[in-house]
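Each chain gets a letter, A, B and so on, in the order its sequence line appears, and its residues count up from 1.
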Protein chains: 2
Amino acid sequence: MTYSIAQAAERSGLSIDTLRYYERIGLVDPPARDSGGRRSYSDDDLGWLVFLTRLRTTGMPIRMMREYAQLRHRGAATAGRRKQMLFEHRASVRERIAELQSCLEVLEYKITHYEQIEHTFIEGVTA
Amino acid sequence: MTYSIAQAAERSGLSIDTLRYYERIGLVDPPARDSGGRRSYSDDDLGWLVFLTRLRTTGMPIRMMREYAQLRHRGAATAGRRKQMLFEHRASVRERIAELQSCLEVLEYKITHYEQIEHTFIEGVTA
DNA sequence: GTAGGAGCTGGAGTGCACTCCAGGTCAACC
DNA sequence: GGTTGACCTGGAGTGCACTCCAGCTCCTAC
């Protein structure tokens, strides 16, 4: 199965411009072209794009995704390093979730006690 | 208790430049000044700064924090609107956590099955 | 055979949230 | 009274991740 850039965009959740941008900066390999010179994405290309969006969604900077992509390009010899990167990234995602959850608690508290809290703010007698 | 800008920075986790920047864009009220014209932050100022960092950490855009700050400035009459904002923000934080957790699962899976997965990638027989 | 629409390229522009800088003031210590 | 260090101001610069644009090509449908 192959996909036009519009289809690839729709299925990956990235914009057409972003797809071309990712290609330009070496985050994705240039896909095949059809007879008219247009990009033709394979299922493998799509799989990689979807995985990239996971990394991006979890806050991995593009420079690191690029590093990962380059290692991947160099084949099985770099598998250990890549696994290590995912390991570290997983840790940072877990930290991020914990951080959000702790902020969420503050938010919960603030919403629950909104009247009192804002009252003390207004009166200027915050503890 | 009052704090110099350096102390306020340390306690809020923001940089000195960011404190001045937040003041400039109307996110925090200009704090008092000491005899030499230097900023002198109160405990209330600090409380607000810390709360702002929670909003920022949870991804609230500055433009929205500013809106919140302006409502707060207008006093008790806007309490309902502010509470509503926090409500909606809480929902978006929950969504974000859910999203991260779902990506985390993909990451877990990928790490666990790393050898096989990368092998299939290399062979180009991804399902 | 031409009008329309999708896609192409290289390069410029955007929005966000800071971050840095030059040139100056002020209080305190030696 | 000179030097040091923290702080001041207005304004310029940065890094990131896109996003948009002009001017072009190529297929398809009428």
Side-chain angles (χ1 to χ4, degrees), chain A residues 2-42 45-46 48-69 89 92 96 99 103, chain B residues 2-42 45-46 48-69 89 92 96 99 103:
Chain A
T2 65
Y3 310 87
S4 71
I5 194 166
Q7 288 169 329
E10 201 195 326
R11 285 171 193 245
S12 66
L14 298 163
S15 74
I16 290 177
D17 271 314
T18 300
L19 286 179
R20 286 195 283 243
Y21 164 67
Y22 278 7
E23 186 181 329
R24 200 147 52 174
I25 64 172
L27 205 49
V28 306
D29 293 336
R33 299 283 176 136
D34 68 13
S35 59
R38 294 167 193 188
R39 288 172 183 78
S40 173
Y41 293 85
S42 69
D45 291 335
L46 254 289
W48 174 240
L49 283 174
V50 168
F51 180 59
L52 279 184
T53 65
R54 303 281 181 247
L55 295 182
R56 186 191 66 157
T57 298
T58 49
M60 184 183 280
I62 279 196
R63 130 186 54 83
M64 204 175 300
M65 289 197 263
R66 233 163 85 185
E67 194 185 328
Y68 187 93
H89 184 58
S92 84
R96 177 77 182 127
E99 185 182 46
C103 287
Chain B
T2 65
Y3 310 87
S4 71
I5 195 166
Q7 289 168 328
E10 201 195 329
R11 285 169 194 245
S12 66
L14 298 164
S15 75
I16 290 175
D17 271 314
T18 300
L19 286 179
R20 288 195 281 245
Y21 164 66
Y22 278 7
E23 187 182 329
R24 204 150 44 177
I25 64 171
L27 207 47
V28 306
D29 293 336
R33 298 285 177 136
D34 68 13
S35 59
R38 294 167 193 188
R39 289 173 182 79
S40 173
Y41 293 86
S42 69
D45 291 336
L46 254 288
W48 175 240
L49 283 174
V50 168
F51 180 59
L52 279 184
T53 65
R54 303 279 182 249
L55 294 182
R56 186 192 64 158
T57 299
T58 48
M60 184 183 279
I62 280 197
R63 130 185 54 83
M64 206 175 299
M65 291 198 261
R66 233 163 82 184
E67 193 186 328
Y68 187 93
H89 184 57
S92 86
R96 177 78 183 127
E99 184 182 48
C103 286

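The shortest distance between side-chain heavy atoms of B:E23 and B:R39 falls below 4.5 Å. Looking only at side-chain heavy atoms (C-beta outward), A:L19 and A:L49 come within less than 4.5 Å of each other. Inter-residue side-chain proximity for A:L27 and A:Y21 is flagged as unmet; no heavy-atom pair is nearer than 4.5 Å.
A:Y41 places its OH atom 12 Å from the C1' atom of C:dC8, with the value rounded to the nearest Å. With rounding to whole Å, B:L19 atom CG is found 16 Å from D:dA6 atom P. Between the C1' atom of C:dA17 and the CE atom of B:M64 lies a distance of 15 Å, rounded to the nearest Å. Taking atom CD1 on A:I25 and atom C1' on C:dG11, their separation rounds to 16 Å, with Å as the unit. Rounded to a whole Å, the CD atom of A:E10 is 17 Å from the C1' atom of C:dG7. For A:Q7 and C:dA6, the CD to C1' distance is 12 Å, given to the nearest whole Å. Distance OH (A:Y3) to P (C:dG7): 15 Å, rounded to an integer number of Å. B:E23 has its CD atom 15 Å from the P atom of C:dC18, to the nearest Å.
Proximity of A:S4 to the phosphate of C:dG7: a side-chain N or O atom is located under 4.0 Å from OP1 or OP2. For D:dC16, one of the phosphate oxygens OP1 or OP2 lies less than 4.0 angstrom from a side-chain nitrogen or oxygen of A:R63. In this structure, A:R20 does not reach the C:dG7 phosphate: none of its side-chain N or O atoms is under 4.0 Å from OP1 or OP2. Within the 4.0 Å cut-off from OP1 or OP2 of D:dT9, at least one side-chain nitrogen or oxygen of B:R33 is found. Residue B:S35 places none of its side-chain N or O atoms closer than 4.0 Å to OP1 or OP2 of C:dC26. Taking side-chain N and O atoms only, A:Y22 has a distance below 4.0 Å to OP1 or OP2 of D:dC18. In terms of phosphate contacts, B:T18 brings a side-chain nitrogen or oxygen within less than 4.0 Å of OP1 or OP2 of C:dT19.
Contact annotation for B:R39: backbone-only contact, meaning every heavy-atom pair under 4.0 Å involves sugar-phosphate atoms and none involves a base. Heavy atoms of A:R24 sit under 4.0 angstrom from at least one base atom.
In this pair, B:F51 and B:Y68 present their aromatic rings tilted. The plane angle is within the 30 to 60° band.
Projected onto DNA chain D by closest heavy-atom contact, B:I16 and A:M60 fall at different nucleotides, the more 5' of which corresponds to B:I16. Mapped onto DNA chain C by nearest heavy atom, A:I5 and B:M65 fall at different nucleotides, with A:I5 at the one closer to the 5' end.
Around atom CD of B:E10, no more than 12 heavy atoms belonging to other residues, nucleotides or ligands sit under 6.0 Å away.
With distances taken from any side-chain atom of B:Y21 to the nucleotides C:dA17, C:dC8, D:dC7, the minimum falls on C:dA17. The A:D17 side chain lies nearest to D:dC20 when the options are D:dC20, D:dC18, C:dT9.
Donor-acceptor pairing under 3.5 Å, judged by distance alone, is present between the side chain of B:R38 and the base of C:dC26.
Using a 4.0 Å cut-off between a side-chain N of Lys or Arg and a carboxylate O of Asp or Glu, A:E99 and A:R96 qualify as a salt bridge.
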